[in-house]
Amino acid sequence: MTQLAIIGVYLALLLGLGLFSSRLFRGTGEDYMLASHSIGPFLLLMSLFGTTMTAFALVGSTGEAFREGIGVYGLMASSSGIVHSLCFLLIGVKIWSFGYKHGYTTQIQFFRDRLGSNGIGLLLFPIIVGLVIPYLLIGVIASGAVINGATIGTFPETFAATRGGVPHWLAALVICSVVLIYVFFGGMRGTAWANTFQTSVFMILGVVTFVVIANGIGGQDGLWANMQAATAKVAQAHPDRLTRSEMSKFMFTTYLLIPLSVGMFPHVFQHWLTARSAQTFKLPVIVHPLFIMLVWAPCVMIGVWATSATLNGELIVSPGAATTNKELTILVAKLAGPVLGGLLSAGILAAIMSSLDSQFLCIGSIFTNDIVLHYWDKKRFSEKQIVMWARLFVVAIVAVTYGLSLFEPRSVFAMGIWCFSGYTGLFPLVFAALYWKRLTVAGAYACVLTVAGMWLWLFAESGFGANANYTFQLPAFGQQLEMMPVLPITVASVVALVAVSLVTSPPPDETVRRFFPDSKS
């Protein structure tokens with residue numbers, strides 16, 4: 001009950017912050033969606049990091065490390081630190097400059113203007129929204145698992161079916177409601193402030209969580225001695241968890257494509273457009289990789305230690321139990337006291353909600369700008385009505401996401417991989433739009449349709465997310481190559497984009513000069 005009370009207090013503080021930020025709301029659609037381009041370096045850093053470090057990074061990485069071992073860090077974190085910053089520098093700064101110059105609010109506006117095509121917006125809208133929903137599900141499912149794990153035994157009679165813990169459906173409903181309220185009233189300004197607060201919370205409490213779990217497992221004096229003792233237990237019981245898995249080098253290499261997805265995340269696009277100036281990007285580019293290391297390394301080590309962690313001679317996390325997405329919260333509940341356990345659970349929730357809010361707001365912004373205002377006369381709507389359209393679609397997306405979360409949950413890590421694979425497949429489109437003058441409308445259509453078709457086919461082949469790997473047989477040599485689905489999706493995307501663009505008429509000179517002012521064409 002103590003842990004539940006602390007979580008409740010934290011959610012109340014978050015609501016208060018969001019509602020307070022709404023007092024600064026200027027009443028315009030631009031302020032609601034982009035905070036009037038007023039976000040400085042620190043807020044941009046915290047917003048970008050908070051919205052990219054989702055439940056996939058905390059809950060998902062711990063669970064995957066529990067099953068696969070320490071190599072999970074090399075699969076995702078090491079490459080993400082470099083690739084994310086490169087995307088901020090090579091994609092984010094240019095997107096901001098075009099957005100500032102031409103008044104973009106969403107990425108669809110940029111693509112529609114860059115390609116001179118209304119159709120590309122209609123094609124991208126359902127695909128972008130469709131890929132965001134599994135990303136949202138990662139957070140909603142993980143939040144339910146966190147609260148359930150933190151409250152096991154609290155209500156033994158009321159919630160006997162979930163071992164006395166708050167059931168997933170109720171916990172997820174509360175989290176969705178809290179995020180919805182402060183996004184509904186605070187908009188982008190409230191989201192940026194909440195992200196900054198929550199990122200600070202989960203980074204500080206993440207360090208505390210690491211220390212507490214290490215001390216609880218090691219049973220020695222001093223943090224370093226406890227880390228060595230916890231690792232020694234793993235070396236004795238599960239030595240395979242301390243080495244890179246028997247994954248082929250080819251398979252490992254395909255993982256390196258996953259971080260490129262950040263270049264097409266719609267919520268990251270929107271955060272880029274909120275920056276005060278191009279100079280604002282300096283701090284996120286430099287510091288973001290360090291923050292990734294500080295979050296991922298402890299989470300992966302905790303997952304590895306969990307394989308052999310014991311309490312009173314019994315394993316804390318049973319390998320045969322249905323503990324998917326709960327490994328971290330079980331360790332916190334068993335090894336921390338009620339007060340500290342509640343604080344640590346709140347820190348995990350902070351990481352989850354710091355991405356949910358940006359994603360909810362972004363989808364509302366896309367619907368408002370790219371459907372409502374674009375296909376109806378903008379002059380017929382007041383600023384108040386524009387904001388209301390965005391808010392109504394946010395409510396609708398929250399409701400859909402929550403409803404889908406009630407079905408059988410998948411692994412948070414596997415769901416993240418599939419979501420990121422789709423966005424990585426679209427990365428060639430944004431890169432070409434910014435750096436290749438020869439990109440045509442037909443090439444963009446071919447790219448998007450190819451990604452959608454490949455993703456749906458491979459997703460169905462995987463058992464709808466049950467397996468994140470894909471096996472491909474070389475036609476000439478008869479060998480089986482195991483790879484991530486992101487590779488065939490991305491390769492097909494590039495081939496379709498380049499081939500179709502080269503065989504179709506080049507874009508008008510006016511478009512080329514507008515986006516490539518130094519061009520001689």
Side-chain angles (χ1 to χ4, degrees), residues 25-39 47 51 91-92 94-133 135-136 180 183-192 263-275 357-398 400-401 423 426 429-430 433-434 441 444 448 514-515:
F25 178 44
R26 301 177 186 178
T28 66
E30 182 184 48
D31 193 68
Y32 184 79
M33 300 172 201
L34 296 179
S36 299
H37 304 284
S38 62
I39 301 301
S47 296
T51 199
I91 307 297
K94 289 184 74 70
I95 289 295
W96 175 86
S97 65
F98 285 130
Y100 185 81
K101 182 178 180 180
H102 302 299
Y104 304 139
T105 303
T106 69
Q107 64 186 152
I108 288 180
Q109 287 180 317
F110 163 71
F111 286 120
R112 193 169 53 224
D113 197 26
R114 166 67 176 85
L115 297 166
S117 168
N118 279 327
I120 195 67
L122 287 175
L123 179 62
L124 278 172
F125 177 76
I127 294 173
I128 287 175
V129 173
L131 287 172
V132 162
I133 288 179
Y135 202 171
L136 291 169
L180 175 61
V183 170
F184 188 93
F185 291 103
M188 178 55 78
R189 197 183 308 278
T191 297
M264 270 299 293
F265 285 160
H267 48 290
V268 172
F269 249 76
Q270 193 163 348
H271 276 293
W272 286 338
L273 294 172
T274 65
D357 49 17
S358 298
Q359 293 161 345
F360 285 145
L361 178 63
C362 172
I363 296 303
S365 301
I366 290 175
F367 175 75
T368 303
N369 285 282
D370 300 313
I371 300 299
V372 176
L373 299 183
H374 186 69
Y375 291 100
W376 283 274
D377 185 5
K378 185 176 180 179
K379 296 179 180 179
R380 67 185 289 186
F381 298 109
S382 65
E383 291 290 346
K384 185 176 181 180
Q385 289 174 320
I386 291 173
V387 172
M388 186 53 63
W389 273 111
R391 286 172 168 169
L392 289 175
F393 199 69
V394 168
V395 174
I397 287 295
V398 173
V400 170
T401 303
Y423 282 118
L426 293 173
L429 177 62
V430 67
L434 293 172
V441 179
V448 176
R514 188 177 183 205
F515 290 91

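Note that the structure is predicted; figures quoted are calculated from it, not measured. The first residue of the sequence shown is numbered 1, and numbering continues consecutively from there.
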Any donor-acceptor pair under 3.5 Å linking the side chain of Trp389 with the backbone of Val372?
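Side chain of Trp389 to backbone of Val372: no pair is present.
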Pairs involving residues 119-129, ordered by first then second residue, that meet salt bridge (charged side-chain N to carboxylate O under 4.0 Å, His left out) (sequence neighbours left out)
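For residues 119-129, and leaving out neighbouring residues, there are no salt bridge (charged side-chain N to carboxylate O under 4.0 Å, His left out) pairs at all.
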Can you pull the salt bridge (charged side-chain N to carboxylate O under 4.0 Å, His left out) pairs that have at least one residue in residues 114-128, sequence neighbours excluded?
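Sorted pair list comes back empty.
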By side chain to side chain donor-acceptor pair (under 3.5 Å) - contacts of Thr106 (at least two apart):
Asp370
Given side chains that start at C-beta, do those of [X] and [Y] come closer than 4.5 Å, heavy atoms only?
{"X": "Trp272", "Y": "Ile91", "value": "yes"}
{"X": "Leu392", "Y": "Met388", "value": "yes"}
{"X": "Leu426", "Y": "Val448", "value": "yes"}
{"X": "Arg112", "Y": "Asn118", "value": "yes"}
{"X": "Pro266", "Y": "Val132", "value": "yes"}
{"X": "Ile363", "Y": "Ile133", "value": "no"}
{"X": "Ile95", "Y": "Gln107", "value": "no"}

Atom of [X], atom of [Y] and distance for their closest heavy-atom approach:
{"X": "Ser365", "Y": "Gln270", "value": "OG-NE2, 2.9 Å"}
{"X": "Val394", "Y": "Gly364", "value": "CG2-CA, 3.9 Å"}
{"X": "Val430", "Y": "Met264", "value": "CB-SD, 3.8 Å"}
{"X": "Thr368", "Y": "Ile386", "value": "CG2-O, 3.5 Å"}
{"X": "Gly99", "Y": "Leu273", "value": "CA-CD2, 3.8 Å"}

Working to the nearest 0.5 Å, report the span between CD1 of Ile128 and CD1 of Ile366.
5.5 Å
Calculate, to the nearest 0.5 Å, the distance between atoms CG and CD1 belonging to Leu124 and Ile120 respectively.
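It comes to 4.5 Å.
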side-chain contact (heavy atoms from CB on, under 4.5 Å) assessment of Asn369 paired with Ile108:
CA-CA 9 Å; Asn369 285 282; Ile108 288 180; over 6 Å; no
Partners passing side chain to side chain contact (heavy atoms under 4.5 Å, CB included) against [X] (at least two apart in sequence or in another chain):
{"X": "Leu122", "value": "Ile371, Tyr375"}
{"X": "Val441", "value": "Leu115, Ser117, Tyr445"}
{"X": "His102", "value": "Phe98, Tyr104, Asp113, Arg514, Phe515"}

Non-neighbouring partners of Phe111 that pass ring pair (Phe, Tyr, Trp, His ring centres under 6.0 Å), sequence neighbours left out
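Checked Phe111 against ring pair (Phe, Tyr, Trp, His ring centres under 6.0 Å); zero matches.
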Kindly write out the residues that satisfy ring pair (Phe, Tyr, Trp, His ring centres under 6.0 Å) with Phe265, not counting sequence neighbours, or none if the list is empty.
Tyr135, His267, Phe420, Tyr423
